[in-house]
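Proteins come first, then strands; the chains are lettered A, B, ... in the order of their sequence lines, and each starts at number 1. This structure is a prediction, so every number in the text was calculated from the model and none was measured.
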Amino acid sequence: MDVKDTYLLFINILDRSNDHSVQKEHLIYAGVKAQTELLPVGPQSLEVNWKFLQQDSLHIDDSNESKKTIKRISNQTYSLDYIEVKDLKNYFRRYFEEGTFANRQQENEYSILKHYFDIDKDHYLSLPIIQFGWVDGIVHIIFKDSDLNALQDRKNWKKLIKLFSVEYEALLINWDLANKNTTWDSILTEDMDYVESKQYEAMTEKNPIFKELNFKEYYRNAGNYYRQRLKSNYILLKAEHRKRAIIAILIDSYAHNISAHSLTVLKWWFQQRATYLDITSIKSKMEREFPFENWGASLTKFLCEKFPGFFSEEDMAEGIKGEAARWYGQLLDKKLEKTPFRAVRDQIFSLSPQLAPLFKYLLEKGAFWSGITRDKHFGGEITNFYDLFWKDFVQNSLYLGTIAYSEGISKLQVHFRIYSGRDFHADEDVYWRVYEIKRDKAGHLLDGEFAKIDIVGKQEQALQNDFLIEGELHEPLKAELESYEVFLPGGVVGKHALFTLIENEIRNVRHYNREDLSKMKKNGLDLIIGIRPSTLSKSFNYTDKSMYKIGIWIGMPSELYDGDDHYVSKRFSKQLEDVITEETHRPKLGGAFQDKICAAMLFNGTFNSVENRNTVRDSYYYPWVRSAFSEGVDLENEEKEMDFEVQNRNKVQADIYLLDKEKNSKKGYIKKYFHIWQGANIYHLQHSGILKEENIARFRLVNVVDGDEHLLREVRSRGIVRVLTNLPLDISWEEAYRAWLSIWVKEKEGRINFLLRHTEVGQLVFDQNAINFYHQEEYLQLPQEEQERYVDYPFFDLGFAHGSSKLSSEVERKVLNIRSDGVLSNKFFQNLPSIEEFDQGTISKRSLYELLEVLQTRICIFDQRIAERLSGQKRAFLNEQLSCGIYGENAKDWENVKVDGLSKYHFIIVHLAFVESYIDKTGKHYGEEGIVRFMDEQIGDQLSDNCILVLTTGRGRERWWKRLQDSKYAYHTTFRPVEMLIDAVESAGLIKDDIDLKYNLIKVLFGS
Amino acid sequence: MTEPKRRIMLISWKWRDFKKGGKVITNHLLQELNWDPEDNNIAKFKDVLFDEFIVCDPLPNGEKRPVKPESRVVRTSIGDEKHPVDLVAFGFLKSLVELYGDHDVELFVFLHRKDGFGDQEVKDILGNVKVSNCFLIGEGRDYIYYDRNRMQGLLGDHGRFIHNTARVDKPEIKVADTKKKQVFQPHFDKVWNYYKFEFYTKILELKEDLMTYLFIWEKDDKSAKRTEFREYLMADEKLYQRVNNFIGNSSLLLNGGEGKKLSDYESEDHKSYAFDDCRINLAKTENIDQEYDEVSKLLSSVFLNHGRKKSEAPIKVRKMLKQMNSKFNKLLKAFTPNT
């Protein structure tokens, strides 16, 4: 069938806009929007007519053509014989004869058709729309006289009816998931039952049109296909439910761990701290009994003299009186005598050092939740276990010390047990494993206390309590943990997925009996974290240790059996369940499911992967958490520990083994294990199949071996910035990094002068051949011709101050502020106690390349909150000295930056709110939906392999990405949570080190 | 006609060469090297514990010719121990001064503050009549340090003579050839000439700045309390610090120690304001310490010595300013004519 000229469809079908309840009395004009898009553009006046048809519906009694057809098919009297090509002029006969239309629909149809067709000459053909044995309406095909031959052919009518039927049924299957239809079982299941029933078979034998079109055979053949389609719908439906369930389950984790336990206690203590002293009456009492003149006048005078102009003498005196009253009240208060001392409630000094990590933690939890909602994570962050646990986890003593407070536990010992990665064959069956505890080079067995938290303290510590102190094995553990690089998917999101797994274990303490709880109350709770370098399962032919197997448990043996049920088996069985209920798709709340979801995130990089079992790898590692127990370290060999571990593939045998209660241990340490990927340097990606097994986001650099465009896109979509092609497979990390820098760094040659005040103390020289660092003395020894060549290289000054100088003057003098505990002295250079000792410092090639990347990567940030962290003067200084421009979200700055060209930057970081609120040339906001238009109009073709747009927000929005992902900009666009960027600036600000600030930002942007 | 004197700068500083070679002088090192203060044979430690650079005139043909009269820079490094004056190592330095001092030599001794040197050590060094002047230097802020803005100075900030490389838009800065042990004359001369007049210049500048600042009080002949003067001076923190330093109260800081130190201002302005080595030098070399003390006493009575009943009495402003001007002039005039 070949229709050559313009044609138009008026589709009158039953109204299905109202979910499953079909309006059988009304027909609507369907597909109007698509029609207007497909037809040649008509005059604007037609918009009114189309709009009328789109919005109006036609009562079936007012539709002669459709009504007759539907009734005849229902009465089983309709056959192809009733179909005929009709003339438009006949359809509008009444109008031509009487000057009026049959109804308003016809009037609007006329206006449209008159524009596209010759009413006198052209024709239409009305065909029934049949779906799963029923008639839903009529399609009227209006066509030109020139196509009459094609559409007059009776054989073509059969084809057309079938074609419309197939199309319509496909739409129906999609409709099954529309609106509220997802809230009940599929209505189409009934339809499918009908077309496969005897009743339908009988009908098709009687009903002429069904017979003529052979609909009986059709569903016999295609029935399986339709069933599969419906099943897919069900899977999609469940996935949607799961997505919501994940949010609910993890919110429950907050409600449980943070709100119900920790914050409840803290709120109470702080409330008492804030209100139990009546400062006003204490001040009055003190004034009566000990006049201020006698004890406070000299202090007031002293402070006023020391800080002239800060406060008036009256204000200073009032401040001293208030503070003294607080001390006096707290020291005297009888509550201190009557109730046990609580360091948080009763400590006299400020608790700011303890509160700051709590606020940071809560802020990051916000980023974690928006990450759950978004569940699209771009890359992640490579960090080391020490920074992760010491700086981000245990510092939060107020929180960790109160999670188990409802059990009366406020002391916590964080204990690490580091296992070597050696494989030991267990004596028995697949579920027994023997692990070897590692020793460091000095011979320390790496199994011991890392940190101690005690938030109750003792009364004699009322002036200043140490809530957190280093454990006995802190230093050896620190050295070891610092050497373990770990990849956290989504950065802060992955970090808190890990923390949730740990927090849940602390909460598990409630399962212990009263006697054990009382011991823990007295001695503190031992939280043990086991770390074992591990390979991806042997079945995947990996030999490198690419993961860490993390074990979490409480260091107190507990009952292993609950009646005849073994806890390990029971916990694992639960984790094998779906996170939603089978029938109602409701979320299953509780720690076991929280663990499972968080472990899935750490392993797969998304929360929604929690029920993935599609690949061999996934079915092997599902449900991402394993349940285990041990009886502790071998009493005869302190380096050995034997675990009984249940996982997906040994579950059946393990359950059988554990059934024999008499034979097995009754008490032991109940553990949970999960995996987290190691951070690594380079991956050579050769084919897409590997993406199902390896987590390439964990690599600092990915080499797409044959430069395949599709693979490159895949890699970029995982948020990896350092992507190269066609590197040799045996290339060293240093060589690969240099190759990367030769592309990334925009200047192809240059010289960075390290200046100590006015003196050059070192030279970093880079060009296409090499990247070298020379101390000034070494540089001056270089051959004359080489030095002369470098004279012409673009140069950049990196000025440092003497360590004793003050910040304000550094900014004025345009020198960077460097601290001895900052990255330049501690990470990049070795043996560099201070910047004055620069010639003692040495730098490895790898560190040198990383330093060059940090210094030469140009950043511009448009984010209000980040800008607010630094003074305008400081921001201007950083922009000038370190190519790190930080701006508020204002159009003027954006336009100024654009003048010089955005392509000169490596990272253009823009807050989504800035994009949304930015006003285009027509005076309208771009909005989230207008992201592509923003890119077209504001950025254009400036993005490239070394100019990446980074969008940031603290919210779980994802529409912008849905809009961008199919655009040309997706390849050079990525996302970072704003909380990570803010933290990068804040933590450097705390130690007042400018290189740290740039370094932290670069780390967040590259992920490593 | 008298022969011009030979010029020698003896600089005890954090020279990297000595530090790297483990030859920073400490009591322990001297003991190890069997140095005997009575031995009078210090020359044998040349190129071990001290060395010499000849000042040369770089000619256009690349040749470096020693200047006449002969000029030298002597380098040594005394360890960063406290109170060097009590140490044997300081004795070594004094022997070195003895070695280079002579009737036909103008000897400037430079001592690094950070190595513990202070006014006590300056006084001690100046006890040797062969020493022309003794200066305290440190933290990259004195004139002897190279400054990019004035493009003068000898020392870098990193324990070496300054040597900055050439760039497209800037020539190489090289004041010495370490291998050949030569210092180049133009750079040496500029520093030498500055230090020759340093104290006079510093005092003159302080006087001018102070009198200009206080001029506003002179317009009507009123009486004012000393506290008013003090508060007015404190409004200009830097000037207040300079006056204090002149008087000898260098420890007095504003804002309870949180404000800027005089050294911060020196760093910012690339200029030395401190008088910590001034009075002693004037006493020993110019014999004008009395004049200095008169100014100091007056400034002190106006700006500092409060609290006593006498000092609470108002002072006649115009009279006091005239007196201040006159005493400063007396001090400046007392310098020997060629300075």
Atom CG of Leu59(B): over 12 foreign heavy atoms under 6.0 Å:
yes

Residues Thr759(A) and Arg160(B): side-chain donor-acceptor under 3.5 angstrom:
no

Around Glu293(A), counting heavy atoms of other residues, nucleotides and ligands shown, do more than 12 lie under 6.0 Å from its CD?
no

Just so I understand: if I count every heavy-atom pair under 4.5 Å between each of Asn149(B), Asp169(B), Asp147(B), Leu155(B) and chain A, which residue has the most?
Asp147(B)

Okay, Phe838(A) and chain B: the region with an atom under 4.5 Å from a heavy atom over there is both

Heaviest contributor of heavy-atom pairs below 4.5 Å to chain B, chosen from Asp839(A), Asn753(A), Leu303(A), Val761(A), is Asp839(A)

Does atom OH of Tyr213(B) have more than 12 heavy-atom neighbours, drawn from other residues, nucleotides or ligands, at distances under 6.0 Å?
yes

Would you call Glu837(A) and Lys19(B) a salt bridge, using N to O less than 4.0 angstrom?
yes

For the atom pair CG (Asn164(B)) and CD (Gln763(A)), what is the distance rounded to the nearest 0.5 Å?
8.5 Å

Hey, is NZ on Lys301(A) packed in by over 12 heavy atoms from elsewhere, all under 6.0 Å?
no

Test His775(A) against His158(B) for side chain to side chain contact (heavy atoms under 4.5 Å, CB included), laying out the working first.
CA-CA 11 Å; His775(A) 289 297; His158(B) 201 236; over 6 Å; no

Inter-chain contacts: residues 172-188 of chain B against chain A, heavy atoms under 4.5 Å
Lys179(B)

Below 4.5 Å from any heavy atom of chain B, which atoms of Tyr793(A) appear? Answer side chain, backbone, both or neither.
backbone

Any side-chain heavy-atom pair from Met151(B) and His758(A) closer than 4.5 angstrom?
no

Nearest heavy-atom pair of His163(B) and Glu760(A): which atoms, and what distance?
O-OE1, 4.5 Å

For residues Thr165(B) and Gln787(A), is any side-chain donor paired with an opposing acceptor at under 3.5 Å?
no

Counting C-beta onward and ignoring hydrogens, is there a side-chain heavy-atom pair between Arg751(A) and Arg167(B) closer than 4.5 Å?
yes

